[in-house]
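Lettering of chains follows the sequences in order, A, B, ..., and the numbering in each one begins at 1.
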There are 2 protein chains.
Amino acid sequence: MEGIREKKKRETRKAIMQAAVQLFSEKGFEKTSIEELAKMAGIGKGTVYSYFQTKSDILHAFCEDELDSLHHELTTNANQDIPLLEQMVSLYMSEFHHITENREFARIFMQQTAFPRDVDLKHLQHEDSYLKLLFPLLERAQAKGELRKDLDLLYITGHFYGLYLLLLSGWFRGRVQKEEAEVALEALFRQALEGLHPQSLIS
Amino acid sequence: MEGIREKKKRETRKAIMQAAVQLFSEKGFEKTSIEELAKMAGIGKGTVYSYFQTKSDILHAFCEDELDSLHHELTTNANQDIPLLEQMVSLYMSEFHHITENREFARIFMQQTAFPRDVDLKHLQHEDSYLKLLFPLLERAQAKGELRKDLDLLYITGHFYGLYLLLLSGWFRGRVQKEEAEVALEALFRQALEGLHPQSLIS
DNA sequence: AATTAAAGTTGACCGCGGTCAACTTTCTCC
DNA sequence: GGAGAAAGTTGACCGCGGTCAACTTTAATT
């Protein structure tokens, strides 16, 4: 049976997350102080740090929850009968729209995900869930003859992810507007599939 | 003629940069305080902020100087007679080695370059110098028949850059070791050139 | 129920990044 | 050269993220 402690811990953690989402959305991540957040969650400042190690960890936890639910949604909704290009574009565009919903959240999350201070197991876990989602799609595409079979699946997923990273970065730097994103990503993915070499070079 | 002011400003700026490089290298970026840095540069704390807007701007200035000199070096040393694949790998690997020399520097730099807080003109300038470096290479490759001519050069550079971002991110997350980097990048670039589609699909 | 150990909470406190009003140095114009 | 303006410098100060020793609450034991 669940003791008082476990219950309280769950509730406190939830209260922190709720306060965080509200305040970060309202005032932005940087402008929200931990003390303020703790007050809204009805706890002392120090307590926050027994649930999360750093301020950005709070935001990170939220983002991972979101991404997890997004991944779950994608897995169940995936339509495997459309061409790979469309599948990938739609998949990454879902994530793109999700993540660009709130620039502040996305920035901190991507900064720490793509260029973390330390090598971290959490990142690898997240990556694995990613790969579990993509591999079946790619294997099926290979089976359907849409994808070369002599390539490492890891490199293929990496290839798409790299181009997605480029798109995200382009949006952050103001190079790509939200409305252009899908066209740009599709063009990049098409390039990846068809190759940059002229056909004549492929022996 | 140059007045006392201009001269002092140049010298002070230089002193700040020198102190920054030394301290950031010795103790790391986060562990170095502005007060300490100012002391070593022989000025007051406040003065630092009339030369740089934030702490990470100092590091940023250094990185941009480095990258500029690297780009210059690459431009003059570029050997245009080797295949495009080799050119691109060697070019990006130079940058990779340069940037991974100091993880701390690279992290802050890449976080702010790829996912900046605000859209910033400085980034666009830097990108332009990038493109100026790459476009001639690609045009020449197009002329030599190594590259499709129906593609936007911007998308091609983007494609390579995206894969480079992936490599860097992989290194930061501990997925790719320095020694494996070149092999990985070459594989990715080769994929990009040859395409992920099986040849039979290319009509 | 009483006692003690373990787990959880707290806010005063620290060091740092960044600001700004007061101050000093340099320039300009007569 | 002197007076006033303009530019540059400074460190006390502020607010915040993060720590920790003292304290409170829950669990385990007899």
Whether Gln87(A) side chain and Ile82(A) backbone form a donor-acceptor pair below 3.5 Å: yes

d(CD1, Ile34(B); C1', dG18(C)) in whole Å: 9 Å

Side-chain donor or acceptor of Arg148(A) paired with backbone N/O of Gln142(A) under 3.5 Å: no

Global bending angle along the helix from dA1(C)-dT30(D) to dC30(C)-dG1(D), which compares the axes of five pairs at either end, to 10 degrees: 0°

Check: Phe62(A) ring centroid to Phe109(A) ring centroid under 6.0 Å: no

Near-ring test Phe105(B)/Phe29(B), centroid separation under 6.0 angstrom: no

Those residues of residues 56-63 of chain A lying under 4.0 Å from DNA chain D by at least one heavy atom: none

Tyr130(B) and His71(B) aromatic ring geometry - parallel, tilted or perpendicular at 30°/60° bounds: perpendicular

For nucleotides 10-12 of chain C, tabulate all protein N/O to nucleotide N/O atom pairs closer than 3.5 Å, reporting atom names and distance.
unit_1, atom_1, unit_2, atom_2, d
dT10(C), OP2, Gly44(A), N, 2.7
dT10(C), OP2, Thr47(A), OG1, 2.6
dG11(C), N7, Gly46(A), N, 3.4

Interatomic distance where NZ belongs to Lys55(A) and C1' belongs to dC16(C) [whole Å]: 15 Å

Touch class at under 4.0 angstrom, heavy-atom based, for Phe52(A) against every strand present: nothing

Glu36(B) side chain to Ser33(B) backbone, donor-acceptor under 3.5 Å: yes

When the side chains of residues 161-169 of chain A are checked against the rest of the protein, which donor-acceptor pairs come out under 3.5 Å, sequence neighbours left out?
unit_1, atom_1, unit_2, atom_2, d
Ser169(A), OG, Arg173(A), NH1, 2.6
Ser169(A), OG, Ala114(B), O, 3.0

Aromatic ring proximity His159(A)/His159(B), centre distance under 6.0 Å: yes

For DNA chain D, the residues among residues 102-112 of chain B that have a non-hydrogen atom under 4.0 Å from it: none

Short side-chain N/O contact from Tyr51(B) to OP1 or OP2 of dT9(D), under 4.0 Å: yes

Whole-Å distance separating the CD atom of Glu11(B) from the C1' atom of dT9(D): 16 Å

Worked verdict on Phe189(B) versus Phe160(B) for ring-ring contact (aromatic ring centres under 6.0 Å, His included): CA-CA 7 Å; Phe189(B) 282 2; Phe160(B) 284 112; 4.8 Å; yes

Side chain Ser50(B), main chain Gly46(B), donor-acceptor under 3.5 Å: no

Nearest listed nucleotide, side chain of Ser33(A), among dG8(C), dG17(C), dG17(D): dG17(D)

Arg140(A): salt bridge (charged side-chain N to carboxylate O under 4.0 Å, His left out) partners, not counting sequence neighbours: Asp81(A)

Rounded distance (Å) that lies between atom C1' of dA7(C) and atom NZ of Lys9(A): 8 Å

Minimum-distance nucleotide to Lys8(B) side chain [options: dG18(D), dA6(C), dT26(C)]: dT26(C)

Gap between atoms OH and C1', on Tyr49(B) and dC14(D) respectively (whole Å): 13 Å

Sidechain-backbone polar pair: Thr47(A) side chain, Ile43(A) backbone, donor-acceptor under 3.5 Å: no

Glu194(B) side-chain N/O to Gly195(A) backbone N/O, donor-acceptor pair under 3.5 Å: no

Rounded distance in Å - CD (Glu30(B)) to C1' (dC16(C)): 11 Å

Arg5(A) CZ - dA5(C) P separation (whole Å): 15 Å

Rounded distance (Å) that lies between atom C1' of dG8(C) and atom CD of Glu6(A): 12 Å

Side-chain donor or acceptor of Lys27(B) paired with backbone N/O of Gln22(B) under 3.5 Å: no

